[in-house]
Amino acid sequence: MISKATVRPGDGWRYLFRGVMVGDGQRPAGKPLRAAQDEAGVPPGIWKGRGLAAVGLMAGDVVTERQAELLLGQGRHPDADRIERERLEAGDDPATARRATVLGRPVEHNQSPKTDKAKERKPWLAMDLVFRAPPTAHIAWALGDDETRLILELCQDITRDKTLAWLEDAVAQIRWGSGGKHRKPIRDGLIIAVFRHYESRAAESKPLLHDHAVVSIRARRPDDKGTWGNLSADSMLAHIVAADTLYTLYFMEEVSARLGWAWEPREVTPGRRPVMEIAGIDQRLIGWQSTRRQQIEDALPVLVADYEARQGHPPGERAAYALGCQAADQTRPSKRTRLLSLTELRERWRASAIRTFGACTVYRLAKRARAAAAAVWARVRPAVDIALAAVDTAAVVYVMRGAFKRHHLLAEARRHLSYVLRGRPHQPGLDEQIVQTVIDDYTRPAGRWMMTADLRALYPRDTEDQAVLRPLTRKRSASQYERARLAADALRARVHAVRRAERLGSRPQLHTAAAPTASSRRPRPFPSARKASRVREQTTDVATVAQTRRTLAEAALATVQEGARERALRHGPRSQPLPTTTPPPYTQQPGNQHTPGRTTGGVA
């Protein structure tokens, strides 16, 4: 998953500089950045993004302490010291020389009393995106052999870079003008500093392979001058969930392609969305790895009880999410002062898992994952039906949100692909194709920027199908996601029924018997005359029934005749009794008497 945090001047920058850049420990005061990273056993940060060429950097360069301080802490050029020195030598005054190193608007602008709209808010300097793989991937990375560990780290690198590239190409916009009314795609790309961490922040260190991708808010406009400005923060924040689902989809595909493992859904919280986990990993190891979640769940009932006492009702989904964040803040432990290398951490994790669950659980982890993958591939057919994916996406997003935007559909379409494919690769652009199908066929405008589901397109006009959606979406005893799944399953069943009817109708039939269609609904007697008056009268057309009987009889007789012809051609003439009185051909009159005899003729 991907979580986000903002980096602002002051405490936000100090937290990034002293904690995030040196692993999950606490950087001692006065210790250089590179020395702190070596002591913590974490690799140095590296630069990523296509916007590096505009500031004289290259992808893969090591993030130095001064570069991070200038760009991510002050919004200035990472080589500002050299630029300022050259301008001073050229005769510029100190203020002009410093202004030449600032990318875009200076940070001090928002702190000026002349700025009425923004004088009370702190500007953004960067956005911290944290990429975390599913829990079973952390377990396999921590307890597996060195080859498995390196492969999973490679999968993490590839999927993180692909997701950041999608944010650069499809999401990132730069704004300028009053209120940011002018918005266009950025000219070059993003400038990102990536820092890798190995452990969680629990009281007892647990494996958690994750990356901090610190995205600078500075970017260039798509004009001839290449003017620097700020990214549109609301566009980036709105697409975090869509980026999260894309990252999960890519990670599943890389792991399945390189290790041969499959994925299956796991329900973490009853009534909520399931998460995809590696098949065959012992579920007990997930609880051993996610101790922070247990701490949050232990503190959550107290907060929920206080909320119910104040408000008089249980919390809804938004309130429950806010209470979960509050419980996480209350139970957040301080970072460890003693830092350990990755080798030391892996030895501790493996010894802890063996003491708790036994050596067989740890050493046979990869073997069981491969065996479970074979069972999953034999059971699940990795094929994507765009029509079914479209109705599934439309139903879930409509029930969950009511009114929605394109990025909501994109996130749900990627969830559908991850569930259907279970790690198999998908065609590029398939998620966009599903979203476009939903927009074209099953939505209608619901405002200037919003849309909603078109129920007339999802359900036909007949009463039986139209009445399906209301009881499913208004079933208050179920959670919102359960109601969404019920509506999606009902739509999928209707699509299957329509397809089955089309297949049966398109089959070639030698003998077609037309029969009247009868209603499948049986009239029920009502206890009162008032209800009985609402029952529609059902009449039977006697002529239609007689015509149907004649048609069926003729079809049956023709079938018998055709079978007799085939037998005669296959076996030759057969002896049959010769009647004394020969009736008309192909008919038998009642009362005629037959006498034994032989004949050389067959059935004509």
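A donor atom on one side chain and an acceptor atom on the other are not found under 3.5 Å apart for R221 and T227.
Aromatic rings of Y250 and W166 (six-membered ring for Trp) have centroids beyond the 6.0 Å cut-off, not under it.
Under the side-chain hydrogen bond (donor to acceptor under 3.5 Å, both in side chains) criterion, R76 pairs with Q74, E84, T101, not counting sequence neighbours. Under the salt bridge (Lys or Arg N to Asp or Glu O under 4.0 Å) criterion, E86 pairs with R82, not counting sequence neighbours. With sequence neighbours excluded, the residues satisfying ring-ring contact (aromatic ring centres under 6.0 Å, His included) with F131 are Y247. With sequence neighbours left out, the ring-ring contact (aromatic ring centres under 6.0 Å, His included) criterion links W261 to no other residue. Every side-chain hydrogen bond (donor to acceptor under 3.5 Å, both in side chains) that E277 has, sequence neighbours left out, goes to T136, R266. Looking at residues two or more places apart in sequence or on another chain, you find a salt bridge (Lys or Arg N to Asp or Glu O under 4.0 Å) between R415 and E412. Every residue two or more places apart in sequence or in another chain that forms a salt bridge (Lys or Arg N to Asp or Glu O under 4.0 Å) with E254 is listed here: K162, R258. Remark: H407 engages H239 in a ring-ring contact (aromatic ring centres under 6.0 Å, His included) (not counting sequence neighbours). Not counting sequence neighbours, the partners of R220 by the side-chain hydrogen bond (donor to acceptor under 3.5 Å, both in side chains) test are D188. Under the salt bridge (Lys or Arg N to Asp or Glu O under 4.0 Å) criterion, R87 pairs with D92, not counting sequence neighbours. Residues passing the side chain to side chain contact (heavy atoms under 4.5 Å, CB included) test with I46, sequence neighbours excluded: K48, V194.
Taking every heavy atom of both residues into account, S352 and K206 meet most closely at OG-NZ, 4.1 Å.
Looking only at side-chain heavy atoms (C-beta outward), R273 and M400 come within less than 4.5 Å of each other.
Listed by first then second residue, pairs satisfying side-chain hydrogen bond (donor to acceptor under 3.5 Å, both in side chains) with a partner in residues 52-68 read R27-E65, W47-Q67, T64-Q67, R66-E69, R66-D81, not counting sequence neighbours.
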